[in-house]
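The next block holds one structure in the form of C-alpha cells; read it before the comments.
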2 protein chains.
Amino acid sequence: MARAVPETHDEILTAATRRFAATGYRGTSLQDIAREVGCSKAAVLYHFANKEAILTELMAPAIAVLQSLDERIALATDPADAQRVAAEGFVNLAVRFRREIAVLRGDFPELLAQPAFAHIQRISERLVDALAGHPERPSARIAALVLLAGISEACGEFLDLGEEVLRPALLALVTRGLEPVDRPAPPHSSTPVPPIHTED
Amino acid sequence: MARAVPETHDEILTAATRRFAATGYRGTSLQDIAREVGCSKAAVLYHFANKEAILTELMAPAIAVLQSLDERIALATDPADAQRVAAEGFVNLAVRFRREIAVLRGDFPELLAQPAFAHIQRISERLVDALAGHPERPSARIAALVLLAGISEACGEFLDLGEEVLRPALLALVTRGLEPVDRPAPPHSSTPVPPIHTED
DNA sequence: TCAGTAGCTGACCGATCGGTCAGACTCTGG
DNA sequence: CCAGAGTCTGACCGATCGGTCAGCTACTGA
C-alpha cells in the first residue's frame, strides 16, 4: 500500500500532535498513532527513529519561538521592559502553539528531564523571573508561576476559540495578575502602560 | 517480616502520594510504590484492591472538601457572593491539599474519565462558572480557567512555602485576576475595584 | 497446645509497551 | 527489462505493566 506521494511523515506528525494533546505523551502508544494515520506501527518507526523523535520534531517550531523570546527578554533594558516583553511574548506563543503546549501537559517534568529539552527548563526559569519582575519576592514569583502554568494548561481547552478572542483576554489577565515593576528612572514617561502590539 | 503494628497501609498511601506527585499516576508503577515502602508489590495489592483504589483513597479528603465547597457555592445569594466563596474556598483547598492536587497534575483528564471521579468534572465546571462570574463571557471564563488550572498546577511547586505566605499571595492574585461581578442591588456600596475594560 | 487469621512473599499470568527485522511492493532511472 | 531505492508490512523481541495465587510466618484467642 505504498503511497505515491510520501506525505505519511506529516500525517504522523499531525496525528501524534492530536493524540499527545488528548492523552499525553506517555498515554499515547505508537500503535495509537499508527491507527489514526491508517498505517502500521512499523511504518511510524520507519519515518521516525523512535517515539521521542516524533515529540522533538513536532515541538521544534514552538521551541524555536520560545528561544527567540528568551533572547528578546535578555535584551530588555530594564525589569519593567523585560516583564512587558515576557508577558506579551508568552501570550502570543501560547495562543499560537496551543496544540503543542497541550502536548506537554501532563508529562511536563519527565519530558523536560530528557536531554533534548534540557535547556527549556532554564528558559522557563528565566521566563518566570522576567514575569515576576521581583524574582526575590515570593508573591511575585507565585503570580508569575501560576499565570505561566495556568495559560499553558488552559490554552489546550480553547482550541475552538479564535485568536482574536483568546489573545486579548489572556493579555488582560496577565496584565492584571502580575505585580507591577517600578520603572527605574522614568525620563519623560507619561504613559505607564504602552499600547500592546503583537510581534513575533 | 510481618509487622507488629500494621502501619503498612498508611505507609503505602504516603509513598504513593509522593510518587504520584513526582512522576504522575501513570508514570508510577506498583513496583515503584512497593520499593519506596520497602515491601513487595503483592503486599501493596494486599492492602489495596488495585492501583486505582490507592488513588481514590488518598484523594478522598481533598474531594470531600471540594464537595463541601461546591455546596457552599450553590448556597450563595448572588453571583458576586458565589465568586467570593469560590475564590476563597478554592485557594484554601489548593493550599491545604497541595500534594494531593499535584498528584492529579498530568493525568487529570484520563483520571477524571474514571467513574470514581465522574462527579468531580461537574463540580469543576460549576467552580469555573462561579469564579468567572459571567460564565457567558469568554474572557471571564478564560480568566477563571487559567487561574484554576494555574493554581492547581503551580501549587505543587510550593511545597516548601508556608501557608501564611502562599495563601494571601494566591488570594490576592485571584482577586486581581478575576473579572468583577456587578453586585445585584448595592445598598450603599460603590464599586471598590478599579475599572477593567475587557469587553468582547 | 493448636487452629485460625492477618500480613506478606516469590512466582507467575496475559496484555501492552517501544523497537527490530526480513521481506514484499511500487516506482524510477539507466 | 531490470537493478536499486523508497516505502511499508507482519512477525517477532525483551521489558514492564497491573494483577493473581499458593503458601509461608508470626501472632492471637480458645
Side-chain angles (χ1 to χ4, degrees), chain A residues 1-59 103-104 106-107 110-111 113-117, chain B residues 1-59 103-104 106-107 110-111 113-117:
Chain A
M1 206 186 291
R3 296 155 186 274
V5 181
E7 59 193 2
T8 313
H9 185 94
D10 293 345
E11 286 181 14
I12 291 171
L13 272 186
T14 63
T17 304
R18 272 197 304 269
R19 298 299 302 158
F20 287 165
T23 57
Y25 177 74
R26 249 194 330 243
T28 301
S29 68
L30 295 175
Q31 203 77 257
D32 293 332
I33 299 172
R35 194 181 306 120
E36 185 145 330
V37 173
C39 66
S40 68
K41 187 182 69 170
V44 174
L45 287 168
Y46 168 78
H47 287 280
F48 295 88
N50 47 44
K51 190 182 178 184
E52 186 186 341
I54 305 176
L55 178 68
T56 57
E57 185 164 329
L58 73 85
M59 291 300 295
V103 166
L104 288 183
D107 309 284
E110 298 84 21
L111 294 181
Q114 292 183 346
F117 297 125
Chain B
M1 205 188 290
R3 296 156 187 274
V5 180
E7 58 192 3
T8 311
H9 185 94
D10 293 345
E11 287 181 13
I12 291 172
L13 272 185
T14 63
T17 304
R18 272 197 304 270
R19 298 299 303 157
F20 287 165
T23 57
Y25 176 74
R26 250 192 331 238
T28 300
S29 67
L30 295 174
Q31 204 76 258
D32 292 333
I33 299 171
R35 194 181 307 119
E36 185 146 329
V37 172
C39 66
S40 68
K41 187 182 70 169
V44 174
L45 288 167
Y46 169 77
H47 288 280
F48 295 89
N50 47 43
K51 191 182 178 184
E52 186 186 340
I54 305 176
L55 179 68
T56 57
E57 184 163 330
L58 74 86
M59 291 300 295
V103 166
L104 289 184
D107 309 285
E110 298 83 20
L111 293 181
Q114 292 183 347
F117 296 125

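No hydrogens, no waters, no symmetry mates; every other heavy atom, side chains included, goes into these values. In the text below, chain A, chain B and the rest are named by the order of the sequence lines, each starting its count at 1. These numbers come from a predicted model, not from an experiment.
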Name the closest nucleotide to the B:L30 side chain, picking from C:dG18, C:dG10, D:dG18.
D:dG18

A:Y46 side chain N/O closer than 4.0 Å to the phosphate oxygens (OP1, OP2) of D:dC8?
no

Below the 4.0 Å mark, does C:dT16 have OP1 or OP2 next to a side-chain nitrogen or oxygen of A:S29?
no

Upstream residue (5' side of DNA chain D) when B:T28 and A:A43 are each assigned their closest nucleotide
A:A43

Distance-minimising heavy-atom pair for A:K41 and A:A34:
N-CB, 3.6 Å

Could you tell me how the ring of B:H9 sits relative to the ring of B:F48: parallel (under 30°), tilted (30 to 60°) or perpendicular (over 60°)?
parallel

pair A:V44-A:V37: side-chain heavy atoms closer than 4.5 Å:
no

Among the nucleotides C:dC17, C:dT9, D:dG10, which one has an atom lying closest to any side-chain atom of B:C39?
C:dT9

Would you indicate which nucleotide in C:dT9, C:dT20, D:dG19 comes nearest to any side-chain atom of A:A42?
C:dT20

Is any side-chain heavy atom of B:Y46 closer than 4.5 Å to a side-chain heavy atom of B:T8?
no

How long is the line joining CZ of B:F48 and P of C:dG7, in whole Å?
12 Å

So, is A:T8 near the phosphate of D:dC8, with a side-chain N or O under 4.0 Å from OP1 or OP2?
yes

Take atom CD of A:E52 and atom C1' of C:dC17, then tell me their distance rounded to the nearest Å.
16 Å

For B:L45, which contact category applies under a 4.0 Å heavy-atom criterion: base, sugar-phosphate, or nothing?
base

Atom pair distance, as rounded to whole Å: CZ in B:R19 and C1' in D:dC17
15 Å

Donor-acceptor pair under 3.5 Å: do we get one between B:K51's side chain and the base of D:dG19?
no

Approximate separation, where rounding is to 0.5 Å, of B:E11 CD and B:H47 NE2
9.0 Å

Length of the line joining A:Q31:CD and C:dA15:P, which is rounded to integer Å
15 Å

Once you round it to whole Å, what is the distance between C1' of D:dC17 and CD1 of B:I54?
14 Å

Atom CD1 of A:I12 and atom C1' of D:dC8 are separated, to the nearest Å, by 11 Å

For D:dG6 and A:H47 - does any side-chain N or O of the residue sit under 4.0 Å from the phosphate oxygens OP1/OP2?
no

Euclidean distance, atom CG of residue B:L55 to atom C1' of D:dG18 [Å, nearest integer]
15 Å

Integer-rounded Å distance: C:dA6 P and B:H9 NE2
15 Å

